[in-house]
Amino acid sequence: MMKKATLALPLFLLVAGCSSSQTWGWYVIDPTTSSGWTNVKFLVSGMGATIQISLIAAVLSIVIGLLVALPGLSEKRGWRLVNRVYVEFVRSIPLLPMLFWVFYGLPIVFQSMGMNIPIDPFWGAIITLAISDSAFTAEIYRAGIQSIAKGQSEAAQTIGLNYFQTMRYVILPQAIRRILPPLANQFIYIVKMSAFASVIGMQELTRRANELVVTEYRPLEIYTLLIFEYLVLVLIISAGVRWLERRMGADERG
Amino acid sequence: MPDAAIELVDVNKWYGTFHVLKDINLTVQSGEKVVICGPSGSGKSTVVRCINQLEKHQNGTIRVDGVELSDNPKSAATIRSEVGMVFQQFNLFPHLTVLENLTLGPIKARGLSRKEAEDKARHYLERVHIPDQADKRPVQLSGGQQQRVAIARSLCMEPRVLLFDEPTSALDPEMISEVLDVMVELAQEGMTMVVVTHEMGFARKVADNMVFMDAGEIVEQGKPEHFFTNPRSERCQKFLSQILQH
């Protein structure tokens with residue numbers, strides 16, 4: 001039933017779009033016409049920026065998340081508090097206000113400290129996405145590491161490994177199999193949230209669509225294509241993650 | 001007593017308000033084999049876990065090789081490099097092969113080359129009678145083999161003292177003797193050992209000193225000849241009669 005419905009919807013859109021050209025105007029993105037082809041190229045060329053922002057933000061989030069997760073696993077209350085405060089604070093800030101704060105506010109903070117560090121839309125988006133997401137990755141790491149039996153780190157200690165060696169050689173290699181699937185979810189989340197970068201002027205997929213809508217005034221067709229652009233991106237990521245999971249044995253039980 | 005490998009003096013430990021270790025005094029001479037027995041929850045595992053600092057005691061003194069344990073992380077590192085530990089649940093690293101399990105400590109903590117570490121690992125695998133399992137993963141081995149790998153892993157660090165925390169309690173009955181045999185051989189070669197176990201046959205064979213614990217106290221300790229035939233305390237008599245019945 002569900003499957004039929006999901007198939008029927010795009011089909012309906014297509015048929016409806018082709019049959020009554022008065023309400024639909026697929027011509028704006030019809031690649032067989034020269035103006036349509038120009039439009040499509042313009043829209044798709046935002047892909048590079050979306051991918052770059054998402055990838056760099058994801059890598060930063062993975063690093064920051066681990067650095068935030070580790071004190072959360074400490075036996076010392078002070079360290080755990082550092083983790084709690086960061087996670088609770090960061091994950092309570094909606095992405096858009098944080099983006100505004102970073103893009104418009106952070107340069108002023110830098111200035112007041114005597115530093116002249118301009119923040120362009122590219123890095124503004126990356127910093128915001130990375131920090132916003134890192135609170136979630138930190139929790140994913142913490143859950144993954146805590147799921148590894150305590151005996152593993154005890155055994156590592158008794159053969160003389162220090163804390164970082166224990167993490168690096170014993171705990172993380174085992175935890176990563178459990179961490180990978182939820183981390184992939186977060187990556188997809190980043191890709192989608194990167195659309196917010198459009199509001200600070202970043203020329204990525206959504207910004208391009210907005211700009212074309214303003215000149216062509218064909219929002220339905222252009223935003224439909226936009227949705228499919230994200231769909232393709234996310235499907236590619238999903239396939240990549242599944243391949244990685246198979247390679248690391250994360251899809252196995254136990 | 002200049003040659004004490006381990007000394008516990010008036011050691012006390014609490015979990016919250018629960019008094020797990022009460023005034024524990026225990027000396028283990030170099031080369032000595034001490035067997036600790038007692039009902040579950042008596043604190044015997046906690047004693048060995050305190051000796052290698054997996055748990056902290058709140059007061060009293062623990063000395064290993066003359067070095068007093070303190071909060072100083074350096075002392076913990078020194079102690080751990082001299083004290084090996086064999087766990088009830090083996091705690092092998094499942095993502096590594098047997099050989100990698102054995103070489104990890106020597107390479108990362110001791111700074112040996114891969115070649116030296118592997119030679120040493122193969123040597124100790126031979127000593128625990130499983131030289132041909134080096135490239136397998138722990139899950140591919142039987143419980144008895146896994147525990148012998150765990151013993152070999154400890155030996156690769158060439159510790160001065162080896163602690164055993166109920167090493168045969170998680171094993172199927174038919175695998176217990178292969179592990180105990182290895183432990184008896186180690187004992188005969190002069191290893192200093194502290195063993196928490198209910199295997200009284202093993203205790204009779206190797207123990208120099210028997211320790212009976214109950215409710216966080218050392219109730220009785222002595223030479224096995226006296227300990228088994230003529231225990232002084234009632235609690236110890238009762239315990240022995242219960243476990244020796246079968």
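We name chains A, B, ... by the order of the sequence lines, and we start the count at 1 in each one. These figures come from a predicted structure and were not determined experimentally.
The contact between B/Phe87 and chain A is made entirely by side chain atoms (from C-beta outward), counting heavy-atom distances below 4.5 Å. Neither the backbone nor the side chain of B/Val86 comes within less than 4.5 Å of any heavy atom in chain A. Contact of B/Arg110 with chain A is not made at all, since no heavy-atom distance falls under 4.5 Å. Residue B/Leu92 touches chain A through its backbone alone, counting heavy-atom pairs closer than 4.5 Å.
At distances below 3.5 Å, at least one donor-acceptor pair connects side-chain atoms of B/His95 with backbone N or O atoms of A/Tyr169.
For the options B/Asn52, B/Leu104, B/Val139, heavy-atom pairs under 4.5 Å to chain A are most numerous at B/Leu104.
Residues of residues 151-162 of chain A placed with any heavy atom under 4.5 Å of a heavy atom in chain B are listed by number as A/Gly151, A/Gln152, A/Glu154, A/Ala155, A/Ala156, A/Gln157, A/Thr158, A/Ile159, A/Gly160, A/Leu161.
For CD of A/Glu88, the number of neighbouring non-hydrogen atoms (other residues, nucleotides, ligands) closer than 6.0 Å is greater than 12. In B/Tyr15, the OH atom is crowded: over 12 heavy atoms of neighbouring residues, nucleotides or ligands sit closer than 6.0 Å. Atom CH2 of A/Trp79 sits in a sparse spot, with 12 or fewer heavy atoms from other residues, nucleotides or ligands closer than 6.0 Å.
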Show which side-chain atoms of residues 121-134 of chain A pair as donor or acceptor with protein atoms under 3.5 Å away, not counting sequence neighbours.
{"unit_1": "A/Thr128", "atom_1": "OG1", "unit_2": "A/Gly124", "atom_2": "O", "d": "2.7"}
{"unit_1": "A/Asp133", "atom_1": "OD1", "unit_2": "A/Gln186", "atom_2": "NE2", "d": "2.4"}
{"unit_1": "A/Asp133", "atom_1": "OD2", "unit_2": "A/Ser61", "atom_2": "OG", "d": "2.8"}
{"unit_1": "A/Ser134", "atom_1": "OG", "unit_2": "A/Tyr86", "atom_2": "OH", "d": "2.7"}
{"unit_1": "A/Ser134", "atom_1": "OG", "unit_2": "A/Ile131", "atom_2": "O", "d": "2.7"}

